[in-house]
Structures are given as C-alpha cells and as structure tokens.
Amino acid sequence: MRIESGTPRPITRYGTPVLHRRCAEVTVFDDALAQLVADMFASMYAAHGVGLAANQIGVDARIFVVDCPDATGTHTVAHVINPVLHLPEHRELVVDFEGCLSVPGQQADLARAGTAAVTGVDMHGEPLRLDGTGVLARCFQHEVDHLDGLAYVDRLPVKQRKQILAASAEHPGVGVGARGN
C-alpha cells in the first residue's frame, strides 16, 4: 500500500449524528484505508489542527491521526486504528485550554490526565503503542473521546457547553468547505 498524498475533506460540525455515537471497529486493511488515513492527515493540516478523528470528516471508523507535541516539545506524527486509551491508575489532572475542529472558534479549560498511552494498530495491521505527555496526552484523550461519541464540550457544565456551541454556530468553520472559505 502506497498512498502519496491525501485530499482534504470538510470537517463535520458538532451536532452531526456520526460525532455522537461510538465509531465502528476497522476490520479491512487495504488501499482504501491507507487513502482514508492520508485524507485525514490532509484534512487535519488544512484545518490547522493537531489531531483528527475519522468521524470528524464524517467517517464511522475507529481511526485518529495526530501531529502533536509532547511536554518536551517533541512532535509525534502518527495514526492509530482501533485505539485503546490507557490512563495511569493514579492520575495527575492538568487543567488546560482545549478546542475542537468540530466546534470551531471556541476553547475552554478542561481537566485531563497529564500522561496517557494508546495501543492499537497501524494501517497495515501492525500493533503499536504510543505514550504521551503534555498536549500529546491531551490529544490522545480528546481523539479517543471522539471515537466514543464525545466531544470536549460534552465534558463541560451544561450552561458553559450551550454558550460555546451558540458562539461556535456563528463561526464560519475550518478547513475545506467551511463557510466563508
């Protein structure tokens, strides 16, 4: 499988049904999967994101991509298929701002574990494990939440969530196909 480049796809906005249910496990590892991963990277970069779950481009599949720094500033560029999130038993929660390409133009402080790991497979079905600190750990948690049908705003108090969603509805969006692009 060799896919040279991806094609950016429109970012799915909060409220679209595929964002609010658990995504399907990936069972077929072929050229179409490799192309989807390439399209996900292209979509993430076009929207200036650091992570993207497949349902954020309307695809019901347990896949995410990241290009994200850890606590030391080292960037991890990776894709994970059928990820399983692993959090430490004794978690140190870190409160930091978080945003989402599917809730454009808004951010909020949210507590997340300061370290996290994911296991899964790559596009060839080979097992992998990624360990993250800082923003990378936050990305792992954020993207696996997406694949489980949750957005970061779903973890906020109802009043704050409603305010953020109302403000986001006025935003033209991000990436290709966004209003105003």
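Please read all numbers here as calculations on a predicted model, not as lab measurements.
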### Query
Closest heavy-atom contact between Arg13 and Ala169?
NH2-CA, 4.0 Å
### Query
Any ring pair (Phe, Tyr, Trp, His ring centres under 6.0 Å) pairs touching residues 34-56, not counting sequence neighbours?
none
### Message
I need the Met123 CE to Asp31 CG distance, nearest 0.5 Å.
### Response
10.5 Å
### Message
Just verifying a value: how many Å separate Arg62 CZ and Thr27 OG1, rounded to the nearest 0.5 Å?
### Response
13.5 Å
### Query
Using 4.0 Å as the upper bound for N to carboxylate O, is an ion pair formed by Arg155 and Asp145?
yes
### Query
Rounded to the nearest 0.5 Å, how far does CD1 of Ile63 lie from CG of Asn82?
8.0 Å
### Check: Gly173 main-chain N/O paired with His171 side-chain donor or acceptor under 3.5 Å
yes
### Task
Linking directly or through intermediates, with side-chain heavy atoms under 4.5 Å: list the remaining ILVMFWY members grouped with Val153, chain and number order.
Tyr14, Val103, Leu110, Tyr152, Leu156, Ile164, Leu165
### Query
Is a side-chain donor or acceptor of Ser43 paired with a backbone partner of Asp39 at a separation under 3.5 angstrom?
yes
### Task
Please report the shortest heavy-atom distance between Gln35 and Gly6, naming the atom on each side.
NE2-CA, 3.8 Å
### Query
Which other residues end up in the same hydrophobic cluster as Leu85, if Ile, Leu, Val, Met, Phe, Trp and Tyr are linked when side-chain heavy atoms come under 4.5 Å apart?
Phe64, Val66, Val80, Leu87, Val118, Leu128, Leu130, Leu136, Phe140, Val144, Leu147
### Message
Does either side chain, that of Asp67 or that of His75, offer a donor lying less than 3.5 Å from an acceptor on the other one?
### Response
yes
### Task
Starting at SG of Cys100, measure out to CG of Leu19 and round the result to the nearest 0.5 Å.
7.5 Å
### Message
Quick check on Glu25: does its CD atom have over 12 non-hydrogen neighbours (other residues, nucleotides or ligands) under 6.0 Å away?
### Response
yes
### Query
How long is the gap from NZ on Lys162 to NZ on Lys159, to the nearest 0.5 Å?
10.5 Å
### Query
In the hydrophobic clustering (ILVMFWY, side-chain contacts below 4.5 Å, transitive), which residues join Val28, or is it alone?
none
### Closest approach of Glu143 to Gly51 (non-hydrogen atoms, all atoms of both residues)
OE2-C, 3.2 Å
### Message
With a 3.5 Å distance limit and no angle check, can you tell me whether Gln141 reaches the backbone of Ala113 through a side-chain donor-acceptor pair?
### Response
yes
### Task
Indicate yes or no for a side-chain donor-acceptor contact from Gln107 to the backbone of Glu98 under 3.5 Å, with no hydrogens or angles considered.
no
### Task
May I ask whether Phe29 and Val59 are part of the same hydrophobic cluster, defined by side-chain heavy atoms of I, L, V, M, F, W, Y residues being less than 4.5 angstrom apart, directly or through others?
yes
### Task
Provide the closest heavy-atom pair for Pro8 versus Ala42 in the form atom of the first, atom of the second, distance.
N-CB, 3.7 Å
### Task
Test Asp70 against Val135 for side-chain contact (heavy atoms from CB on, under 4.5 Å), laying out the working first.
CA-CA 6 Å; Asp70 66 12; Val135 176; over 6 Å; no
### Flag side-chain contact, heavy atom, 4.5 Å: Thr115 against Pro88
yes
### Query
Under the side-chain contact (heavy atoms from CB on, under 4.5 Å) test, which residues partner Ala71, sequence neighbours left out?
Thr133
### Query
Looking at Arg22 and Asp60, does any basic side-chain N land under 4.0 Å from a carboxylate oxygen?
no
### Message
Tell me whether Leu150 shares a hydrophobic cluster with Ile11, the cluster being built from Ile, Leu, Val, Met, Phe, Trp, Tyr side chains joined at under 4.5 Å.
### Response
no
### Query
Quick one: CZ on Arg112 to CG on Leu93, what's the gap to the nearest 0.5 Å?
10.5 Å
### Message
Quick check: is Val77 connected to Met40 through a chain of hydrophobic side chains (ILVMFWY, heavy atoms under 4.5 Å apart)?
### Response
yes
### Query
Other than Val94, which residues form its hydrophobic cluster under the rule that side-chain heavy atoms must be closer than 4.5 Å?
none
### Task
Please check if the side chain of Asn55 supplies one atom and the backbone of His146 the other of a donor-acceptor pair under 3.5 Å.
yes
### Message
For Gln106, is there any backbone N or O sitting under 3.5 Å from a side-chain donor or acceptor partner on Ser168?
### Response
no
### Heavy-atom closest contact (Val50 atom, Met44 atom, distance)
C-SD, 3.5 Å
### Task
Taking all non-hydrogen atoms of both residues into account, name the closest pair between Arg9 and Ile57 and its distance.
CD-CD1, 3.8 Å
#### Entry: From CA spacing to verdict: side-chain contact (heavy atoms from CB on, under 4.5 Å), Asp122, His79
CA-CA 7 Å; Asp122 67 14; His79 69 279; 3.5 Å; yes
